[in-house]
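Below: one structure, written as structure tokens.
One is the number of the first residue; the rest follow in order along the sequence.
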Amino acid sequence: MIDFRRLFSVLFLAFISTNIFAQSTVTTKLKPQQYQDSLYLAQNYEHRKVMVPMRDGVKLYTEVFVPKDASSSKKYPFLMTRTPYNATRVHGRLYSSGSFAKLAREGCIFIEQDVRGRWRSEGEFSHERPLVNNSNKKKQRQPDEATDTYDAIDWLLKNVKGNNGNVGVHGVSYPGFYSTAAAISNHPALKAVSPQAPVTDWFIGDDVHHKGAFFWMDFFDFLPRFDQDEPDKPATRTFGVTDSKNRDNYDYFLNTVITPKRANTEFFKDSIPFWNDILTHPDNDSYWSSRNPLSHANKLKPAILTVGGWYDAEDLFGALETYQKIEEQNPKATNKLVMGPWCHGCWWSDAKSLGDISFEQSTGQYYLDSLFLPFMNYHLKGQGNAPKLAEATVFETGSNEWRSFATWPPKAVEDRNLYLLPNGKLGFSAPTVTGSFDEYLSDPANPVPYQGQVHRKRTREYMLDDQRFASRRPDVLTYTTDLLIEDLTLAGPVIADLIASISTTDADFVVKLIDVYPEDTPDTVAAEGSDAVMGGYQQLVRAEILRGRYRNSFEKPEAFTPNEPTPVKFEVPDLLHTFKKGHKLMVQIQSSWFPLADRNPQQFINIYEADPEDYIKSTIHIYHDAQRPSHLQVKVLPQ
């Protein structure tokens, strides 16, 4: 006799395993618990596919999962995600995870919607579609992502049975951007929004650029897949990118792709509009600023829970910036922050470790059970005590413990300067010598790699990788404290305040904070499965790049005067890290981070029009004397 329940479970999970994010090629081996989870969904949820009309007549494809016992007496809230990544594939991947199964057992009406112009939805798509400057989204005539959310909620409330009138919206990365837009809609039924690793500012710190430097490796691989809208077919337009036989991204981008201009002329051939838009807008003009939704995030009514990861290679900046701007612009709003030791979206996994580093606990389980679920249950169902969540719940890396703060950054910090000193020293006392500097040659033909191994795809682990490979290079300056005699905890943003001169008219500056382990650290402290040598390990804690021409303004670039000492000051994203007693704190400075960021020709020219012969060497001086004390401004949290 056929066990139809078992058969359905197998078929459902087979569907899930082949319908994953459009840009992913990972196949997950299914576990027994996943069969039980899929069986629970089959037994307890009804699945509908609908086209939801917007105010301008465009219809958006929407997947609806409703508990079978939803009725006039048994009501559930909506939990919604709006995505450009194919609603069918997104829910397929989610539903194979234990985190979603836990959400399903909590009881919600789940909504997955393709945004305007993507996959099965009608209309035209625009990357980070600019929001219309109108606070009344109910009456606004011109559609944007906030009005589309407003209209979708209106329709769902009227047409989906068994709802309790409350809506929550959440999403990771690009869906995080749509979550922010949802909050801006201020629909009266929208009670809770969780932007998670939200795409926010594509020039200052998220995805496309960091402080003006083009993070081209990610988008070179990402855009060919993203631009394909065949919902039931795998990506086929490779442009010779995704099927490259060269598995060494350093060599591939240096000797095959070479320049952003050549990526277009030799590979994309003007077939990817957004790549062309990037090349057409090299500075932070209105094209980029109009796409940041936070200027519209005023008078927000939903409760906000912003989530981010300290090791998010894509949108670390977006989470911190979203929380800060909402806090500044909405002082009376419920606005919470969660930052964990996570890569991009890793809070939906077990997240016990990343790369070589163990966190000694299931940080993903803590997030779901103690933070996300209580927040949503309270605001959507009136259950629990979510208001008792701290303003900021933040994982302290280095010591591997969760901390709660009434503000972020914490108020109880001491502002101190960490000075670069002669002979590769680093300390809290200012230099007293004169005429002191270090020098290196920045050669675009031999750029500093962003990590020390051979990979074709950009790794997520580079955010905390061992930096010993960089310390050995002559074009990387290294400054190190003495052994710490007590724990040192840094909390909040770091300001790199350098005095530099260059022999050309432009250069990039990369500043890295590194935790150096004692030489006698046993290898057993490494994460399970890692074979890293942990004695002397140089763990990257935080790093950022500045395209030097934007040192004074991201809107109005300025050339350097060759060989003239010049202030170079920029913010490195927040951290909460304890450098333990017996460790050392290291700072590295370099002028390339390849191929994570594109190379700077080191001339004040339009980089996106540069040819290979335009890339020239530059001699860089970093000063550290009494008159020109290069330093990092840090915030020290008392022990």
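- Classified by interplanar angle (parallel below 30°, tilted 30° to 60°, perpendicular above 60°), the ring pair Phe214/His209 is tilted.
- Ring geometry, Phe220 versus Trp275: the interplanar angle exceeds 60°, so the pair is classed perpendicular (tilted spans 30 to 60°).
- Between Asp598 and Arg547 a salt bridge is recorded (basic side-chain N to carboxylate O distance below 4.0 Å).
- The pair Arg116-Asp148 meets the salt-bridge criterion, since a charged nitrogen lies less than 4.0 angstrom from a carboxylate oxygen.
- Judged by the 6.0 Å and 45° rule, Arg118 forms a cation-pi pair with Phe226.
- Below 30°, between 30° and 60°, or above 60°: for Phe215 and Trp593 the angle between ring planes is above 60°, a perpendicular geometry.
- Counted within 6.0 Å of CD on Gln453, heavy atoms from surrounding residues, nucleotides or ligands total 12 or fewer; the atom is thus considered open.
- In this pair, Tyr462 and Tyr450 present their aromatic rings perpendicular. The plane angle is above 60°, beyond the 30 to 60° band.
- Between Asn264 and Asn276 the shortest side-chain heavy-atom distance falls below 4.5 Å.
- Other residues, nucleotides and ligands contribute only 12 or fewer heavy atoms inside 6.0 Å of the NZ atom of Lys299.
- Using a cut-off of 4.0 Å between Lys/Arg side-chain N and Asp/Glu carboxylate O, Glu145 and Lys137 are scored as not salt-bridged.
- For the side-chain contact (heavy atoms from CB on, under 4.5 Å) with Val494, the lone residue among Val541, Leu513, Val587 that qualifies is Leu513.
- Within the 4.5 Å cutoff, the side chain of Ile495 has no heavy atoms near those of the Val572 side chain.
- Phe560 carries Arg551 over the face of its six-membered ring, with the cationic atom under 6.0 Å from the centre and within 45° of the normal.
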Intermediate values then yes/no, ring-ring contact (aromatic ring centres under 6.0 Å, His included), Phe554 and Trp202: CA-CA 12 Å; Phe554 291 109; Trp202 267 351; over 10 Å; no
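- No side-chain heavy atom of Met339 sits less than 4.5 Å from a side-chain heavy atom of Phe395.
- Taking the six-membered ring for Trp and thresholds of 30 and 60 degrees, Phe222 and Tyr85 have ring planes more than 60 degrees apart, a perpendicular arrangement.
- Using cut-offs of 30° and 60° for the angle between ring planes, the Phe594 and Trp216 rings count as tilted.
- Looking at every heavy atom in both residues, Ala146 comes nearest to Asp144 through N-OD1, 3.0 Å.
- When the shell of 6.0 Å around NZ of Lys269 is examined, it contains more than 12 heavy atoms from other residues, nucleotides or ligands.
- Under 4.0 Å is where a charged nitrogen must lie from a carboxylate oxygen, and between Arg456 and Asp248 no such pair does.
- The shortest distance between side-chain heavy atoms of Lys336 and Ile304 does not fall below 4.5 Å.
- Nearest heavy atoms, Ile620 versus Ser442: CG1-CB, 4.1 Å.
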